[in-house]
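First the proteins, then the strands, lettered A, B, ... as listed; each starts at 1. Keep in mind that the numbers below use all heavy atoms, side chains included, and drop hydrogens, waters and symmetry copies.
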Amino acid sequence: MHIIDRYAYSNAIRELDPAQKGGLALIAMLFCLALDHPAVGLLTLVWMFALATLWAQVPARAFGRALLAEAPFLLLSLVGVALSVSLAPLVSPALQLGPFWIGSSAESLALATRLFTRALGCAAALNFLILTTPLLDLIELLRRLRVPETLIDLMSLTYRAIFVLLESLQRMATAQDARLGYAGPWRALRSAGLLGSQLFLDAYRRSQRLQMALESRGLAGPLRVLPLDYRRDRRARWFGAALAASLLLAGAWR
Amino acid sequence: MTALLELEQLHYRFPGGAEPALRGASLRLEAGRRVALLGRNGAGKSTLLLHANGLLRPSSGQVRVAGEPLVYTRRGLLAARRQVGLVFQNPDDQLFSASVAQDISFGPLNLGLDVAEARRRVAEAAALCEVHDLLDRPTHALSGGQKLRVALAGVLAMAPRVILADEVTSGLDPWMRRQVFAIFNRLIAQGVTVLLATHDLSVARQWADLVAVMEAGQVVAVAPSAEVFRDAELRRLIGADE
């Protein structure tokens with residue numbers, strides 16, 4: 001969370017209009033989903049990695065770490081597609097484990113490959129977006145797209161609250177630790193439970209104080225704030241065209 | 001001369017509270033004053049400030065802003081809050097947006113100002129509070145002192161004539177404190193009245209020209225700083241004696 005947030009605020013295209021960055025990610029995802037070809041997924045990964053590291057100057061390590069964090073979910077779901085488990089003997093190459101037969105087939109492997117590359121491409125596109133665009137800008141983009149104000153307000157308050165509550169959490173955990181709250185697994189479990197309930201109370205009290213503070217500044221219905229200013233980059237359009245053309249070509253490749 | 005802010009015989013008891021929090025508290029503030037509000041914990045300082053801003057409504061008594069009784073309707077409250085700004089003790093309770101610029105713009109837009117005027121107010125308040133170079137930083141990346149100055153800018157952007165600040169200088173290092181008092185002094189020079197609720201006696205002695213002392217839900221004295229520190233009984237109430 002903190003790593004993503006740090007790069008989102010410090011990358012070279014931070015000031016760029018979120019619509020342009022979001023547009024690039026959207027093109028990539030749409031082509032990945034629509035063309036459904038392993039080459040398209042892999043090419044998307046290459047594109048997004050290049051845009052993130054060369055254009056936005058996000059370190060390759062950060063991009064890799066974000067992808068690695070998502071990998072386990074991806075791989076877990078692949079196992080179910082690539083392998084089939086049966087009680088009856090399987091014809092194709094199979095392995096017998098007690099009463100179970102674990103096997104695979106060319107079709108299921110091909111399906112798994114397509115699924116894997118497609119998901120990888122989409123994940124890379126989203127990683128490019130979140131590593132280069134602060135959540136604040138994404139919310140601003142949604143506001144421009146006329147998403148209902150109540151949802152926008154909820155999102156922005158939640159985003160802010162994450163950091164405020166994280167700070168509370170760390171303070172409380174340190175205070176517990178200072179009194180040996182985490183010496184031994186049972187005490188740690190008890191302390192963590194107490195911490196959770198205290199954090200809930202803390203969040204509740206904070207919300208009441210926030211309500212008062214907002215009222216004192218004239219709260220009237222939705223939270224009204226100034227729109228943010230962005231820079232537009234001509235190159236984004238070219239990148240978008242090149243991305244779409246190359247993905248189409250890759251999708252046509254047999 | 002009509003006072004900017006008058007609190008008259010305010011009574012208030014928190015829902016479920018055993019003791020009343022205010023028992024006939026009165027205070028009168030004129031333009032361009034620097035006021036320290038002293039009194040031990042639980043004396044009613046914060047409760048009094050919440051009344052002055054219309055966040056709490058007294059069970060009896062009256063709040064008058066620039067001579068006009070405060071009307072507890074949306075329009076009446078907005079009119080009062082345009083004149084009386086409140087800065088909270090913990091800036092994290094006040095800053096609701098992850099964008100510094102957007103947070104400061106909240107008050108001016110609620111006043112019904114157009115975008116251009118709101119932008120001007122944000123720039124002006126940010127310059128006054130020396131946070132103009134923080135405008136495009138995320139709120140959660142700021143230090144405590146920076147957050148306080150952003151919170152202050154959010155209130156100043158509404159151009160109030162009275163600033164009520166609850167304990168805002170406690171927990172700041174000496175440099176940050178001087179910076180905050182420099183902001184207060186600039187405002188006072190423009191005719192704004194600043195009331196600071198504090199436990200810091202040196203603030204009351206050196207910065208304030210008027211000291212209000214609260215005890216058990218009442219304002220028991222309002223006097224020039226030097227007088228308060230000469231009076232044996234008041235010295236006892238504000239904890240100036242060992």
Side-chain angles (χ1 to χ4, degrees), chain A residues 1-2 4-10 14-15 18 133-140 143 152-168 170-171 202-231, chain B residues 46 49-50 52-56 74-75 77-82 84-113 115-116 118-119 121-123 135-142 144 147 151 154-155 157-158 160 164:
Chain A
M1 175 79 215
H2 272 307
I4 291 175
D5 206 61
R6 190 165 76 230
Y7 289 114
Y9 280 103
S10 62
R14 150 82 174 88
E15 311 273 295
T133 319
L135 197 68
L136 200 63
D137 292 355
L138 291 176
I139 295 174
E140 184 76 18
R143 193 195 306 270
I152 299 282
D153 289 353
L154 272 177
M155 275 189 272
S156 35
L157 288 177
T158 307
Y159 178 54
R160 170 90 185 101
I162 288 172
F163 294 96
V164 173
L165 290 179
L166 214 55
E167 237 171 72
S168 286
Q170 278 158 354
R171 256 203 317 271
D202 185 60
Y204 177 68
R205 292 198 197 103
R206 272 176 193 283
S207 73
Q208 288 185 319
R209 291 198 295 262
L210 181 69
Q211 172 77 23
M212 275 204 160
L214 289 175
E215 273 179 30
S216 83
R217 286 201 281 162
L219 172 73
L223 301 171
R224 298 189 54 208
V225 291
L226 281 178
L228 298 168
D229 289 324
Y230 298 107
R231 175 171 71 81
Chain B
S46 297
L49 299 192
L50 293 175
N53 190 258
L55 286 168
L56 294 178
R74 226 177 87 172
R75 183 180 297 210
L77 286 169
L78 196 62
R81 287 167 186 162
R82 178 194 298 265
V84 181
L86 180 55
V87 188
F88 287 76
Q89 183 170 8
N90 181 356
D92 272 330
D93 290 339
Q94 185 174 334
L95 301 173
F96 71 94
S97 172
S99 148
V100 170
Q102 287 191 329
D103 198 283
I104 300 177
S105 74
F106 177 69
L109 288 172
N110 285 333
L111 290 180
L113 303 175
V115 169
R119 267 186 214 287
R121 290 274 188 101
V122 170
L135 281 177
D136 48 6
R137 291 265 294 279
T139 311
H140 51 261
L142 304 183
K147 279 183 189 166
V155 172
M158 298 173 78
L164 310 170

Select one option (side chain, backbone, both, neither) describing which atoms of [X] are under 4.5 Å from chain B's heavy atoms.
X	value
A/Leu219	both
A/Leu210	both
A/Leu214	both
A/Gln208	neither
A/Pro227	both
A/Arg205	neither
A/Gln211	neither
A/Ser156	backbone

> Closest approach of A/Asp153 and A/Pro222, non-hydrogen atoms and distance?
Replying inline: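 Closest approach of A/Asp153 to A/Pro222, heavy atoms only: OD2-CA, 3.4 Å.
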> Is it true that B/Asp103 and A/Arg217 have a side-chain N and a carboxylate O under 4.0 angstrom from each other?
Replying inline: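 Salt bridge between B/Asp103 and A/Arg217, a charged N being under 4.0 Å from a carboxylate O: yes.
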>> What part of B/Asn53 gets within 4.5 angstrom of chain A, counting heavy atoms only: side chain, backbone, both, or neither?
In response: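 Side chain of B/Asn53 only, per the 4.5 Å heavy-atom cut-off to chain A.
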>> Test: ring-ring contact (aromatic ring centres under 6.0 Å, His included). Region: residues 89-113 of chain B. Which pairs qualify, not counting sequence neighbours?
In response: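 Non-adjacent pairs meeting ring-ring contact (aromatic ring centres under 6.0 Å, His included): B/Phe96-B/Phe106.
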> Taking atom CZ of A/Arg14 and atom CZ of A/Arg231, what is their separation to the nearest 0.5 Å?
Replying inline: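 That separation rounds to 11.0 Å.
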> Atom CG of B/Leu164 and atom CZ of B/Phe88: how far apart are they, to the nearest 0.5 Å?
Replying inline: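 If I round to the nearest 0.5 Å, the distance is 10.0 Å.
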Which one, [options], leads in non-hydrogen pairs under 4.5 Å with chain A?
options	answer
B/Val84, B/Val87, B/Leu95, B/Leu56	B/Leu95
B/Ser97, B/Pro138, B/Ser99	B/Pro138
B/Arg137, B/Arg74, B/Arg119	B/Arg119
B/Leu50, B/Asp93, B/Val122	B/Asp93
B/Leu109, B/Asn90, B/Leu78	B/Leu109

>> Is there a side-chain contact between B/Arg81 and B/Asn110 in this structure, where contact means two heavy atoms from C-beta onward sitting under 4.5 Å apart?
In response: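 The answer is no, as the side chains (C-beta and beyond) never meet within the 4.5 Å cut-off.
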>> Quick one, B/Leu49 and B/Gln89 - any side-chain contact, counting heavy atoms below 4.5 Å?
In response: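 Side-chain contact under 4.5 Å: no.
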>> Let's test your reading of the structure: which of A/Leu223, A/Leu157, A/Val164 forms the most heavy-atom pairs below 4.5 Å with chain B?
In response: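 Top option by heavy-atom pairs under 4.5 Å: A/Leu223.
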> When heavy-atom pairs shorter than 4.5 Å are enumerated against chain B, which of A/Arg224, A/Arg160, A/Glu167 gives the highest number?
Replying inline: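 The answer is A/Arg160.
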> Any donor-acceptor pair under 3.5 Å linking the side chain of A/Glu15 with the backbone of A/Tyr230?
Replying inline: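 Checking the backbone N and O of A/Tyr230 against the side chain of A/Glu15, no donor-acceptor pair under 3.5 Å is found.
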> Under the salt bridge (charged side-chain N to carboxylate O under 4.0 Å, His left out) test, which residues partner A/Asp202, sequence neighbours left out?
Replying inline: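 For A/Asp202 the salt bridge (charged side-chain N to carboxylate O under 4.0 Å, His left out) partners, ignoring immediate neighbours, are A/Arg206.
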> With under 30° as parallel and over 60° as perpendicular, where do the rings of B/His140 and A/Phe163 fit, or are they tilted in between?
Replying inline: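 Rings of B/His140 and A/Phe163: parallel, as their planes differ by under 30°.
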